[in-house]
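Every chain is numbered from 1 and lettered A, B, ... according to where its sequence line falls, protein lines coming before strand lines. Excluded from the calculations below are hydrogen atoms, water molecules and symmetry mates; all remaining heavy atoms, backbone and side chain alike, are included.
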Amino acid sequence: MTLRLYNTLTGQLDPLFAEDGKALRMYACGPTVYDYGHIGNFRTFLQIDVLRRFLLLTGTRLLHVMNITDVDDKIIRNAAAAGVSIQDYSAPFVQAFLEDLDALRIQHPEQLARATEHIDRMVELIQKLAAAGAAYQTEDGSWYFRLSAFPEYGKLSKKDLSGMEDGARVDVDEYEKDSARDFALWKAAKPGETFWDTAIGRGRPGWHIECSAMAMEYLGDSFDLHAGGEDLMFPHHENEIAQSETATHKPFARHWMHVRFLLVDGRKMSKSEGNFYTLRDLLLKGYKASAIRMALISVPYRHQLNFTFDGLVDATSAIDRLRTFRHRLTSGTYAPGKNSALQEAAKKAEADYMAALANDLNTAEARAPIFDLIRMANTAMDQGQLLAGDRDAILAVLASFDAVFDVLEDHDAEPTRRALEWAEKAGRLGDVAPGLLARQALTDEAVDALVAERTLAKKQRNFARADQIRNELAEKGIILEDSKDGVRWKRK
RNA sequence: GGCGCGGUACCCAAGUGGUAAGGGAGAGGUCUGCAAAACCUUUAUGCGCCGGUUCGAUCCCGGCCCGCGCCUCCA
């Protein structure tokens, strides 16, 4: 099954494939590690994870590279303010980013690439551009890309810069760029700033050059897909194209994917609006990592997602339904055989699910057949019509679903535990939702013991005691479900 | 101003030129020691507004209103 994915470059749905017929080579812009990641960042990384997982599910081999920008103006400024090196400043944020990826079950790419470890490649690329006459150095030692060297500039973002460029061109003095739109390849070191001593001078890379250099390093001059947040389309990706294609005379990425920004409560998320959330913020408020994942991937990547706490609650309930269903399916006993109606339904659900994802990763549409199948299977179980062969067929559908959505297994305790640990160190315990610490402290063993006691009380028809235990547990966020196959409990 | 996206039930959200998926929430019911879960029924003659094309439009075209994004190294 071939994925048809919107391609920013062509403005249409194009089939996504590995040009070399082996591995699909993709580059995704990663974080700049000057702070903790916020949910907007993670919406992008989650949607790229959906892409990645769907490709793997369809048997595509991947070579996926993601950069970590560990040198930039903000990092330099913040590190200086803190009186530490940029390495020391960014290290905890790199660590935090990787932990957050794990919390959200975002798969790691095959290759993580740090900007500071690829300075040589960037310098080489700048030299190549200089040799071609497309880069020039200003008096202060900085290097710029000459936009006029790349007539196709603007082809990704569909911007026509011919009108606005150089309209007010005056005699530039030697400290300035030739043209206002020329962008920095290399920034000369200012006193006290971190610098690399290189063949093109003392300084540090501009932002765009790192992605060009690292993409080419790991993926070659031309590769299959480049992805990132919508804001990167211009100027970042446009600049990458200009530098790369000017240097190699080959097309850079064939396919470009851009994830739309999310809104929070209908407005752009920003610190000044007070609607700015990191992953940690949400975990400390008591939301589960799986619910955050579900909420952020359930709206297709090209649509604006309006993030709300209600949405997280909805997502939590949807996940509950999925998990409860699978538990019911796996814990019951079924007669051998197959029910042809269920077999058909399972087959259709899987086909519809895959087709929805193959259609530009329509995650919202993909969920529907899964929930349809759940209702049908629940009904069949109620009526004793579901057979062992059906259970297996349906479990296989759930496995396909979870290969992309990855919310069925409950991995929620660990991210919350880590967030609480972090809050303690960071002095953020005041932000922890009431009761969360107590709930977290309640061990599975303690719950099991109370559940066992209640089961005994029920057997002795001591319903008063049984209900007392139920209520006691409910107050601690534990929900009990009695069934003929035993008691199941879950954390709210 | 330039480029682009969206306005679908109480909330979130798919979708198609032929009469509105799915999730959440609410109400009623079945089941149950109670509860939970599950299932059934129910909540848009209606898809921002006004025209047009068409046998027929939520879906196509035009206009308008509203919201949002990018154009400032913010994913």
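At least one donor-acceptor pair under 3.5 Å links the side chain of A/Asn67 to the backbone N or O of A/Gly30. At least one donor-acceptor pair closer than 3.5 Å links the side chain of A/Asp390 to the backbone N or O of A/Leu387. Judged by distance alone, the side chain of A/Asp412 and the main-chain N or O of A/Lys288 form no donor-acceptor pair under 3.5 Å. Here the side chain of A/Trp489 pairs no donor or acceptor atom with the backbone of A/Val451 at under 3.5 angstrom. Put simply, the side chain of A/Lys492 never gets that close to the backbone of A/Ala474: no donor and acceptor are under 3.5 Å apart. Here the side chain of A/Asp14 pairs no donor or acceptor atom with the backbone of A/Tyr6 at under 3.5 angstrom. Looking at A/Tyr287, its side chain never comes within 3.5 Å of a backbone N or O of A/Leu312 through a donor-acceptor pair. A donor-acceptor contact shorter than 3.5 Å links the side chain of A/Glu238 to the backbone of A/Leu156. The closest donor-acceptor contact from the side chain of A/Asp70 to the backbone of A/Arg114 lies at 3.5 Å or more, if one exists at all.
Between A/Arg454 and the phosphate of B/rC34, there is no side-chain N or O to OP1/OP2 separation shorter than 4.0 Å. Residue A/Asn362 places at least one side-chain N or O under 4.0 Å from the OP1 or OP2 atom of B/rG15. For A/Asn378, no side-chain nitrogen or oxygen approaches OP1 or OP2 of B/rA38 to under 4.0 Å.
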query: Are A/Arg146 and A/Thr246 close enough, and set up right, to give a side chain to side chain donor-acceptor pair (under 3.5 Å), and what steps lead you there?
result: CA-CA 10 Å; A/Arg146 192 188 311 284; A/Thr246 300; over 6 Å; no
- request: Could you walk me through whether A/Tyr153 and A/Asn239 pass side chain to side chain contact (heavy atoms under 4.5 Å, CB included), step by step?
  value: CA-CA 8 Å; A/Tyr153 193 79; A/Asn239 291 353; 2.4 Å; yes
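Across residues 481-492 of chain A, A/Glu481, A/Asp482 each have a non-hydrogen atom less than 4.0 Å from an atom of RNA chain B (numbered order). RNA chain B is contacted by no residue of residues 400-409 of chain A, taking any non-hydrogen atom closer than 4.0 Å. Of the residues in residues 291-299 of chain A, those placing a heavy atom less than 4.0 Å from an atom of RNA chain B are A/Val299, in numerical order.
For the pair A/Phe325 CZ and B/rA37 P, the computed distance is 16 Å after rounding to whole Å. Taking atom CG on A/Leu262 and atom P on B/rA75, their separation rounds to 12 Å, with Å as the unit.
A/Thr44 is linked by a side-chain contact (heavy atoms from CB on, under 4.5 Å) to A/Ile48, A/Val259, counting only residues two or more places apart in sequence or in another chain. A/Pro300 pairs by the side-chain contact (heavy atoms from CB on, under 4.5 Å) definition with A/Asn362, A/Thr363, A/Ala364, not counting sequence neighbours. For A/Met376, the side-chain contact (heavy atoms from CB on, under 4.5 Å) partners two or more places apart in sequence, or in a different chain, are A/Ala341, A/Leu342, A/Ala345. With sequence neighbours left out, the side-chain contact (heavy atoms from CB on, under 4.5 Å) criterion links A/Leu263 to A/Gln304, A/Asn306.
A/Leu263 comes within 4.0 angstrom of sugar-phosphate atoms only, judged by non-hydrogen atoms across all strands, and of no base. Among the atoms of the strands shown, none is found under 4.0 Å from any heavy atom of A/Gly311. Nucleic acid contact for A/Pro31: none, since no nucleic acid atom lies under 4.0 Å from a heavy atom of the residue. Within the 4.0 angstrom heavy-atom criterion, no nucleotide atom of any strand lies near A/Ile370.
Rounded to whole Å, the separation between the P atoms of B/rG29 and B/rG18 comes to 40 Å. Taking atom C1' on both B/rC61 and B/rC68, the two are 24 Å apart, rounded to the nearest angstrom. Taking atom P in both B/rG4 and B/rC64, the straight-line distance is 16 Å, to the nearest Å. Between B/rA75 and B/rU43, the two C1' atoms lie 38 Å apart (nearest whole Å). B/rC3 and B/rU8 have their C1' atoms separated by 26 Å, given to the nearest Å. For B/rC47 and B/rC40, the C1' atoms lie 27 Å apart once the distance is rounded to whole Å. Between the C1' atoms of B/rC5 and B/rC39, the separation comes to 40 Å (whole Å). Rounded to whole Å, the separation between the P atoms of B/rC60 and B/rG7 comes to 11 Å.
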Identify each atom pair where a protein N or O and an N or O of nucleotides 4-6 of chain B are less than 3.5 Å apart, giving names and distance.
{"unit_1": "B/rC5", "atom_1": "O2'", "unit_2": "A/Arg260", "atom_2": "NH1", "d": "2.9"}

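Nearest nucleotide to the side chain of A/Asp467, out of B/rC34, B/rC40, B/rC71: B/rC34. Closest approach to the A/Ala466 side chain among B/rA14, B/rA75, B/rG33 is made by B/rG33 (side chain taken as heavy atoms from C-beta onward).
Between the side chain of A/Asp231 and the base of B/rG69 there is no donor-acceptor pair of N/O atoms closer than 3.5 Å. Put simply, the side chain of A/Lys268 and the base of B/rC68 share no donor and acceptor less than 3.5 Å apart. In terms of polar N and O atoms assigned as donor or acceptor, the side chain of A/His258 never comes within less than 3.5 Å of the base of B/rA75 in a complementary pairing. At a cut-off of 3.5 angstrom, the base of B/rA35 holds at least one donor-acceptor pair with the side chain of A/Arg470.
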query: Once each nucleotide of nucleotides 19-30 of chain B is scored for protein heavy atoms under 4.0 Å, what B/S/- sequence comes out, 5' to 3'?
result: --BSBSS-----
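The stretch residues 294-312 of chain A participates, sequence neighbours left out, in these salt bridge (charged side-chain N to carboxylate O under 4.0 Å, His left out) pairs: A/Arg302-A/Asp360. A salt bridge (charged side-chain N to carboxylate O under 4.0 Å, His left out) check over residues 344-358 of chain A, counting only residues at least two apart or in different chains, returns the pairs A/Lys348-A/Asp352.
With centroids closer than 5.5 Å and planes inclined by less than 30 degrees as the test, A/Phe261 and the base of B/rG69 fail to qualify as a stacked pair.
Heavy atoms of other residues, nucleotides or ligands lying less than 6.0 angstrom from CZ of A/Arg4 number 12 at most.
Considering A/Arg323, A/Arg293, A/Arg326 as possible partners of A/Glu409, the one that fulfils the salt bridge (charged side-chain N to carboxylate O under 4.0 Å, His left out) test is A/Arg326.
A salt bridge links A/Arg454 to A/Asp482: at least one charged side-chain nitrogen sits closer than 4.0 Å to a carboxylate oxygen. For the pair A/Arg328 and A/Asp485, the salt-bridge criterion is not met [side-chain N within less than 4.0 Å of a carboxylate O].
With RNA chain B read from its 5' end, the first of the two nearest nucleotides for A/Ile374 and A/Thr308 is the one closest to A/Thr308.
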- request: Treat a base pair as Watson-Crick or G-U wobble with both distances under 3.5 Å, then lay out RNA chain B in dot-bracket form, 5' to 3', with | for cross-strand pairs.
  value: (((((((..(((.....[...)))((((((.......))))))....(((((..]....))))))))))))....
